[in-house]
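The structure under discussion is supplied below as structure tokens; questions concerning it will follow.
All figures in this text were calculated on a predicted structure; none of them were measured in a lab.
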Amino acid sequence: MVLDAKIPAGPLAEKWSTHKFNLKLVNPANKRKYDIIVVGTGLAGGAAAASLAELGYNVKAFCFQDSPRRAHSIAAQGGINAAKNYRNDGDSVYRLFYDTIKGGDYRAREGNVYRLAEVSVNIIDQCVAQGVPFAREYGGLLDNRSFGGAQVSRTFYARGQTGQQLLLGAYSALNRQINAGKVKMFTRTEMLDVVIVDGKAQGIVTRNLETGKIETHSGHAVLLCTGGYGNVFYLSTNAMGCNVTAAWRAHKRGAFFGNPCYTQIHPTCIPVTGDHQSKLTLMSESLRNDGRVWAPKTVELAQKLRKGELKVTDLKEEDRDYFLERKYPSFGNLVPRDVASRNGKEMVDEGRGVGSTGVAVFLDFADAIKRLGEDAVRAKYGNLFDMYYQITNEDPYKQPMRIYPAVHYTMGGLWVDYNLMTNVDGLYALGEANFSDHGANRLGASALMQGLADGYFVIPYTVGDYLAKIGPKPVDTKHPAFEQTKKEVEERIKKLLALRGSKTVDEYHRELGHIMWEYCGMARNEEGLKKAKGLIQNLRADFWKNAIVLGENEELNQSLEKAGRVADFLELGELMVDDALMRKESCGGHFRIESQTPEGEALRDDEHFAFVSAWEYKGDNQPEELHKEELVFENVHLTQRSYK
């Protein structure tokens, strides 16, 4: 099967403008005849629902939280990129495009990435108009700071709460449309399947999380804006509710899954302290603007620190190895996340890790406090420092933070074309739920950019093209596919509730996470991946025999919710391993130990692997079929990525 990405022809800078002109339009008076389903109301979903309703479409929006304000987008801390060049430091749309392509290790489409850079400038204007309180300089102009993988300052921010403030902006726009009657909001409602009618997505099946009621909803198009699948690792920076279920059920209905092995490990997270933890906490990448990452120069010094024989503040400057500054003088502490993470792991593997577990390195602000003053540092990062203190009982103003990489984001997701449509007609994926813009590694502050670009500035154009082609004829909710899909959902719930074994769902989830982190985490090899595949298959089989799921469907039942999500993770995990096994190269966050440069950097194989892997579901416990979308580079020369 040939995957058609529908990338428009013509010069790179004109592709999106030309494409918008060529898209079919829906008459304003006809928009009210169309129903659109939006699943997920974070930045991508909230922006899409508000924008489409503003255009005149009838929107049904769904989230499993009690309010759209609780979407995980709220957790983003550091900022959002845009090529405004307010600092006059050499930034441009093309530079943002190039940095993103390079940051993703040349495994993303040129057309999609350039469009993202192009519309980034509009996002800031949109959000300012909504009242998002971006940080400003003394004269009142919007402030910028630097993030990894760039040598310019293009990141707009609202202290350490950028995601929250952007989400409140989208939420206010969404609420306006709810009040106008153009958006019907369904909270505490989880999507459990997609209804496919004659090859087109025309509805979803949901479960009310408070009553257990199973319902079907119809629409002319279905937009999945449900985030990433980082919780397949159990411990991640994601909220515990984040899951892959909506995307995975769409996958099992025919939507291809793109690049599932591309996962991002964030270098600055509070380290794991024990088995009692259910999630990890991110320390924003913005801290690397002023914080310096280091480890003791020798194993002996690290051992003394771990045993408490030596205080970190007593360690002499010449005994500290600022390893990122040493290895990457051009970018220093602001190298991309995959590079910083691998180097942190390298320090720990050498025995130079710190903290009681020895699985951490330092992020030190002593120089910044000396240079700027504590008040200036507090103004920039105060809420992040407070968060660190509350969790660790250590004062980062007085001693370095301890950090270590943790799972944070997934670059893989449902395969989509330039219009954000999956290979299933009428089924779209936006934001982190799709694979499209970040290649094998996302640069910091680009997730918020992509989610809002997709929701505010891409989908309002592209969905209209599809709707104009199918026409406004009402969806036939009496079609047998609706009842059949609902019945299959009910049968799956009964199967889960029939599990009366001895192991909790959380135990299975933790075991899966350990397998994924150990063998499909920061470093991967063929032997480990093959072992992981067998372990996951055995764990999945055991889940369906020995898991215990308490309660009934017709009630608030978090045991049932978790069971359905973990069952999906147990299937996804094997596909991630298959994808990592197939891709016998290193690129970005996918690091195969067998494929590295003499300096230990990721070594790509452009001759054999310059493609998007798109996997087709072929049935339960059956190998998935690989389809390839070849990546064409007309504007960027493929080179070995270097940040030295």
Side-chain angles (χ1 to χ4, degrees), residues 72 74-79 135 145-148 155 157-165 230 235-240 264-274 276-296 302 305-306 308 311-313 315 320 322 324 333-334 337 340-341 344-345 347-348 353-409 444-445:
H72 187 61
I74 204 171
Q77 297 171 355
R145 57 190 178 196
S146 300
F147 258 60
T155 305
Y157 64 98
R159 211 175 183 194
Q161 308 166 0
T162 314
Q164 181 185 40
Q165 299 304 323
L235 286 180
S236 80
T237 65
N238 291 182
M240 286 187 67
Q264 177 163 91
I265 315 293
H266 197 294
T268 54
C269 300
I270 298 178
V272 177
T273 55
H276 63 281
Q277 286 178 281
S278 55
K279 76 176 297 295
L280 299 174
T281 303
L282 172 74
M283 286 286 102
S284 169
E285 182 166 319
S286 63
L287 294 172
R288 287 195 276 144
N289 273 271
D290 291 304
R292 302 177 71 191
V293 181
W294 64 274
L305 284 170
R306 291 199 293 270
K311 287 184 178 179
V312 61
T313 49
L315 204 64
R320 304 179 179 202
Y322 296 94
L324 293 179
N333 293 295
L334 285 172
R337 291 173 176 178
S341 293
K345 181 179 185 296
M347 296 298 110
V348 169
V354 299
S356 58
T357 63
V359 186
V361 294
F362 288 125
L363 180 62
D364 198 337
F365 290 86
D367 283 358
I369 291 171
K370 186 177 179 181
R371 185 179 75 252
L372 303 171
E374 185 174 317
D375 288 344
V377 172
R378 193 181 300 275
K380 279 185 171 183
Y381 310 118
N383 65 311
L384 299 171
F385 278 42
D386 289 345
M387 191 189 309
Y388 182 86
Y389 177 74
Q390 293 294 333
I391 292 171
T392 66
N393 199 32
E394 296 171 6
D395 186 352
Y397 295 103
K398 301 287 188 273
Q399 65 186 85
M401 290 182 177
R402 291 174 296 106
I403 56 163
Y404 195 66
V407 174
H408 177 58
Y409 186 89

Exercise for the section: Could you please spell out the steps behind the side chain to side chain contact (heavy atoms under 4.5 Å, CB included) verdict for Asp290 and Val377? Expected result: CA-CA 9 Å; Asp290 291 304; Val377 172; 6.0 Å; no
Problem - Within-4.5 Å side-chain heavy-atom neighbours: Lys398 and Glu374 - result: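 Heavy-atom side-chain distance check passes, below 4.5 Å.
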Handout entry: Residues, nucleotides or ligands: over 12 heavy atoms within 6.0 Å of Tyr322 OH
Key =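 Counting neighbours around OH of Tyr322, more than 12 heavy atoms of other residues, nucleotides or ligands fall under 6.0 Å, so yes.
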Handout entry: Side chains of Val354 and Val312 in contact at under 4.5 Å (non-hydrogen atoms)
Key =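 No, side chains not in contact.
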Handout entry: Atom pair CG (Leu287) and CZ (Arg292), whose distance is rounded to the nearest 0.5 Å
Key =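 Atom-to-atom, Leu287:CG and Arg292:CZ are 15.5 Å apart.
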Handout entry: Contact check, side chains of Arg337 and Phe147, non-hydrogen atoms, under 4.5 Å
Key =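 Yes, close enough: below the 4.5 Å cut-off.
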Problem - Over all atoms of both residues, closest heavy-atom pair of Tyr397 and Ile369 - result: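 Taking every non-hydrogen atom into account, O-CD1, 3.6 Å.
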Practice task
Rounded to the nearest 0.5 Å, what's the gap from CD on Gln277 to NZ on Lys279? Could you check?
Solution key: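 Going from CD on Gln277 over to NZ on Lys279, the span is 9.5 Å.
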Problem - Distance-minimising heavy-atom pair for Arg288 and Pro267 - result: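 In this case the closest contact between Arg288 and Pro267 is NH2-CG, 3.7 Å.
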Exercise for the section: Might you point out which heavy atoms bring Arg145 and Gly78 nearest each other, and give the distance in Å? Expected result: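 In this case the closest contact between Arg145 and Gly78 is NH2-O, 2.9 Å.
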Problem - Least distance between heavy atoms, Thr268 atom then Met283 atom - result: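 That closest heavy-atom pairing would be OG1-O, 2.6 Å.
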Exercise for the section: May I ask you to decide if Leu315's main-chain N or O and Arg320's side chain share a donor-acceptor pair within less than 3.5 Å? Expected result: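 Side chain of Arg320 to backbone of Leu315: a pair is present.
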Problem - Any Leu280 side-chain heavy atom under 4.5 Å of Val272 side chain - result: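 Answer yes - side chains close enough.
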Exercise for the section: Would you confirm whether Asn333, through its side chain, and Val293, through its main-chain N or O, come within 3.5 Å as a donor-acceptor pair? Expected result: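 It does hold such a pair.
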Handout entry: Closest non-hydrogen atom pair between Phe362 and Leu305, with its separation
Key =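 Taking every non-hydrogen atom into account, CE1-CD1, 4.1 Å.
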Handout entry: 4.5 Å side-chain heavy-atom contact, Arg159 and Gln164
Key =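 A side-chain contact is absent here, since even the closest heavy-atom pair is not under 4.5 Å.
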Handout entry: Separation of Cys269 SG from Met401 CE (nearest 0.5 Å)
Key =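 So the gap between those two atoms works out to 12.0 Å.
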Exercise for the section: State the CZ-OG1 distance between Arg402 and Thr357, to the nearest 0.5 angstrom. Expected result: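 It is 7.5 Å, given to the nearest 0.5 Å.
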Handout entry: Rounded distance [0.5 Å steps], CG in Leu372 versus CG in Asp367
Key =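 Going from the CG atom of Leu372 to the CG atom of Asp367 covers 10.0 Å.
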Practice task
Report yes if the side chains of Ile403 and Val361 come closer than 4.5 Å at any heavy-atom pair, otherwise no.
Solution key: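 The answer is yes, as the side chains (C-beta and beyond) meet within the 4.5 Å cut-off.
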Exercise for the section: Work out which heavy atom in Ala360 is nearest to a heavy atom in Val348; give both atom names and the distance. Expected result: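 In terms of heavy atoms, the two residues are closest at N-CG2, 3.7 Å.
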Practice task
Taking Gln77 for its side chain and Ser284 for its backbone only, find out whether a donor-acceptor pair lies under 3.5 Å.
Solution key: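 Side chain of Gln77 to backbone of Ser284, a donor-acceptor pair under 3.5 Å: yes, one is there.
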Handout entry: Between OG1 on residue Thr162 and CD1 on residue Ile74, distance to nearest 0.5 Å
Key =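 Between Thr162 OG1 and Ile74 CD1, I get 12.0 Å after rounding to 0.5 Å.
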Practice task
Have a look at Thr237 and tell me which of Gln264, His72, His266, His408 forms a side-chain hydrogen bond (donor to acceptor under 3.5 Å, both in side chains) with it.
Solution key: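 Output: one option passes, namely His408.
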Practice task
Examine Arg378 relative to Phe385 and say whether NZ or CZ is less than 6.0 Å from the centre of the six-membered ring and inside a 45° cone about the ring axis.
Solution key: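 Not flagged: Arg378 not positioned over aromatic ring of Phe385.
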Exercise for the section: Check whether any side-chain N or O of Ser341 sits under 3.5 Å from a backbone N or O of Ile265 as a donor-acceptor pair, and report yes or no. Expected result: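 Yes, Ser341 side chain to Ile265 backbone: donor-acceptor pair under 3.5 Å.
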Practice task
State, yes or no, whether a side-chain contact exists between Leu384 and Ser286 at a heavy-atom distance under 4.5 Å.
Solution key: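 Answer yes - side chains close enough.
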Handout entry: Polar side-chain atom of Asp364 near backbone of Pro400 as donor-acceptor pair, under 3.5 Å
Key =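 Judged by distance alone, no pair lies under 3.5 Å.
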